[in-house]
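As structure tokens, the structure follows; a few thoughts come after it.
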Amino acid sequence: MSSQGVLVSIILLASVIIGFILNTIAEILNLSALDTQLPDAFKGHYDEEKYKKSQDYLKACTTFGWITTGIDLIIFLLFWFCKGFALLDIWVRSLEFGAVMTGLIYMGTLILLKGIISLPFSIYATFGIEARFGFNKTTPSLFIKDLIKSVTIGTIIGGILLGGILLFLETAGPWAWLICWAISTTFALILQYIVPTWIMPLFNKFTPLEEGARKETIVSYANTIDFPLRHIFVMDGSKRSTKANAFFTGFGKNRRIVLFDTLIKNYTPHELLAVIAHEMGHYKKKHIPRRLAIGILQMGVIFYLISIFITYQGLFDAFFMESPSIYAGLIFFSLLFSPVDMVISIIMQHFSRTDEYEADRFAVETSGEKAAMVTALKKLSVQNLSNLRPHPFYVWLNYSHPPILERLKAIEAL
């Protein structure tokens, strides 16, 4: 291995190990922050048994996470240092397809291997942990159908996008990164339209919110804030889990607010309004287009960096590859970029938490449903067995939403 390859190997190995250690420390601290004393804010909402259950759920998920992450790390290192990337490259080249098809087979095989390895863990998480704590409603038949649909859709959409990227990186010369950026941006914007309309209905049933007090309250509120409300849908989330949620998706005519049926069942019209007002707050405060714009800008920077590193021989030497290729370069660059991506993720999560506070404030100030917002957030936390006291370091590393007690404190202070 060349000196350049050794340097890249050291950088990549150090980043992988440091990332693993940081996450492990964060999880240990998170478990150490558990307190058997129920916070005053949740007295009357959590009983002693269910509060203990929420802590047991966190312990089970954390332990399972250590097992899956540890096994993933071991398999990756074995595959890397046993020259798995190079051996796979030799095999796909022997098929004698063109550069683009060879690249798609190479990358698709790696994704398939990753999926096969993670499948048993996904099965245990669904039918083991989630079922043990009363969340899982997914049947084996539904699990298999979801898997088939996900693989099929991922293969079609991912194949088209990756095929285009490989084609232009192979043929478009020094401006290839700019073309790939434009293609990926267009693709991302198109998905904002087709996902709510065509893809999500393949997995769940979406029915318009029925006429009545709930809808009248929501429509009336939307008019007061000049929100262009077109669709409010109820999603049959209960066929997979008892957890509750709501989200905002799509743009333009496909813009919609989606409520889980588990949310409709257990929340009053005022509590639902508070939850929806929060989602509308993200729209009115332009959080969603801002996040999309930042993501597109980040994508452009990544493609530019790819254009620089994709032919760097040291990158291929680090993975024992004798013959450089665009498709392998994409894989290796993504691995090398992972520590930078983690830093970006931490920064973006900080801004996301700020956006959540702002959406809460907007919801309370415009709807006047301060008490309902507090009650709704408490109900969501109890229903989802949320951790009420996460460690600050774990929050900094992983949370896109503020801890529930901090959100409640901020709302009460309004």
Side-chain angles (χ1 to χ4, degrees), residues 1-28 65-95 99 102-118 121 158 162 165-166 169-170 174 176-177 180 298-347 397-398:
M1 185 184 295
S2 67
S3 58
Q4 293 175 330
V6 171
L7 178 61
V8 172
S9 297
I10 292 173
I11 293 172
L12 180 56
L13 191 59
S15 67
V16 169
I17 293 174
I18 291 172
F20 178 79
I21 292 173
L22 278 176
N23 280 288
T24 302
I25 291 173
E27 287 161 349
I28 292 172
W66 285 338
I67 294 171
T68 56
T69 304
I71 292 175
D72 281 346
L73 178 60
I74 291 171
I75 291 175
F76 168 69
L77 293 176
L78 286 174
F79 189 79
W80 176 8
F81 289 106
C82 289
K83 302 183 180 181
F85 291 101
L87 293 173
L88 177 60
D89 186 57
I90 292 172
W91 173 69
V92 296
R93 288 177 185 270
S94 70
L95 300 176
T102 299
L104 289 175
I105 295 173
Y106 184 86
M107 300 172 84
T109 303
L110 289 175
I111 294 171
L112 177 62
L113 290 173
K114 172 67 175 173
I116 292 172
I117 291 169
S118 64
F121 300 110
L162 278 175
I165 289 172
L166 288 172
L169 287 176
E170 290 277 0
W177 72 271
C180 290
Q298 180 183 339
M299 192 189 306
V301 173
I302 290 173
F303 274 118
Y304 177 72
L305 293 175
I306 286 174
S307 70
I308 296 174
F309 285 95
I310 203 166
T311 56
Y312 179 57
Q313 185 59 45
L315 194 59
F316 296 94
D317 291 343
F319 290 91
F320 311 102
M321 295 275 285
E322 295 182 1
S323 303
S325 63
I326 297 296
Y327 53 83
L330 285 173
I331 296 291
F332 301 154
F333 174 81
S334 68
L335 294 171
L336 188 63
F337 189 75
S338 59
V340 179
D341 190 49
M342 184 177 76
V343 172
I344 293 173
S345 175
I346 290 172
I347 295 171
L397 201 61
N398 295 290

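What you see below is based on every heavy atom in this structure, not just the backbone, and it leaves out hydrogens, waters and symmetry mates.
Tyr304 pairs by the ring pair (Phe, Tyr, Trp, His ring centres under 6.0 Å) definition with Trp177, not counting sequence neighbours. In this view, Pro324 and Gln313, Phe316 satisfy the side chain to side chain contact (heavy atoms under 4.5 Å, CB included) rule, not counting sequence neighbours. In this view, Ile326 and Leu166, Leu169, Glu170, Ile310 satisfy the side chain to side chain contact (heavy atoms under 4.5 Å, CB included) rule, not counting sequence neighbours. Phe337 meets the ring pair (Phe, Tyr, Trp, His ring centres under 6.0 Å) test with Phe333; sequence neighbours excluded. Contacts of Leu95 classified as side chain to side chain contact (heavy atoms under 4.5 Å, CB included), with partners at least two apart in sequence or in another chain: Trp91, Phe97, Ile105. Partners of Ile17 under the side chain to side chain contact (heavy atoms under 4.5 Å, CB included) rule, at least two apart in sequence or in another chain, are Leu13, Ile21. Tyr312 pairs by the ring pair (Phe, Tyr, Trp, His ring centres under 6.0 Å) definition with nothing, not counting sequence neighbours.
Pairs of residues two or more places apart, or lying in two chains, never qualify as salt bridge (charged side-chain N to carboxylate O under 4.0 Å, His left out) while including a residue from residues 6-15. Identified under the side chain to side chain donor-acceptor pair (under 3.5 Å) test for residues 17-27, with sequence neighbours left out: Glu27-Trp66. Evaluation of the salt bridge (charged side-chain N to carboxylate O under 4.0 Å, His left out) test over residues 75-89, restricted to residues two or more places apart or in two chains, returns Asp89-Arg93. Pairs engaging residues 102-116 under the salt bridge (charged side-chain N to carboxylate O under 4.0 Å, His left out) rule: Asp72-Lys114 [sequence neighbours left out]. Annotation: side chain to side chain donor-acceptor pair (under 3.5 Å) contacts involving residues 103-112, sequence neighbours excluded, are absent.
Pro339 approaches Ser15 most closely through the heavy-atom pair CG-CB, 3.6 Å. Taking every heavy atom of both residues into account, Ala328 and Met321 meet most closely at CB-CE, 3.5 Å. Heavy-atom minimum distance, Cys180 versus Ile165: SG-O, 3.7 Å.
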Q | Intermediate values then yes/no, side-chain contact (heavy atoms from CB on, under 4.5 Å), Ile331 and Phe319 | A | CA-CA 11 Å; Ile331 296 291; Phe319 290 91; over 6 Å; no
Q.
What verdict does the ring-ring contact (aromatic ring centres under 6.0 Å, His included) test give for Phe85 and Phe320, after you've listed the backbone C-alpha separation in whole Å, the side-chain angles of each residue and the deciding distance to 0.1 Å?
A. CA-CA 8 Å; Phe85 291 101; Phe320 311 102; 9.6 Å; no
(Q) Please evaluate residues Leu22 and Met342 with respect to the criterion side-chain contact (heavy atoms from CB on, under 4.5 Å), reporting the C-alpha separation (whole Å), side-chain torsions for both, the decisive distance (0.1 Å), and the verdict. (A) CA-CA 11 Å; Leu22 278 176; Met342 184 177 76; 3.9 Å; yes
inquiry  = Walk me through whether Ile306 and Leu330 qualify under side-chain contact (heavy atoms from CB on, under 4.5 Å).
reply    = CA-CA 7 Å; Ile306 286 174; Leu330 285 173; 3.8 Å; yes
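Considering OG of Ser307 and CD1 of Ile302, their distance stands at 12.5 Å, rounded to 0.5 Å. One distance of note links CG of Leu12 with CG of Leu7; it measures 11.0 Å at 0.5 Å rounding. To the nearest 0.5 Å, the span separating SG on Cys82 from CD1 on Ile75 amounts to 12.0 Å. A distance of 8.0 Å separates CG of Leu73 from CZ of Phe76, quoted to the nearest 0.5 Å. If you take CG on Asp341 and OG on Ser345, they are separated by 6.5 Å, rounding to the nearest 0.5 Å. The CG atom of Asp317 sits 7.0 Å away from the CD atom of Gln4 when rounded to the nearest 0.5 Å.
Residues Phe309 and Phe332 place their aromatic rings such that the two centres sit no closer than 6.0 Å.
A 4.5 Å side-chain heavy-atom check between Leu397 and Ile346 finds at least one atom pair inside the cut-off. Annotation: side chain of Leu104 is not in contact with side chain of Tyr327 (no heavy-atom distance under 4.5 Å).
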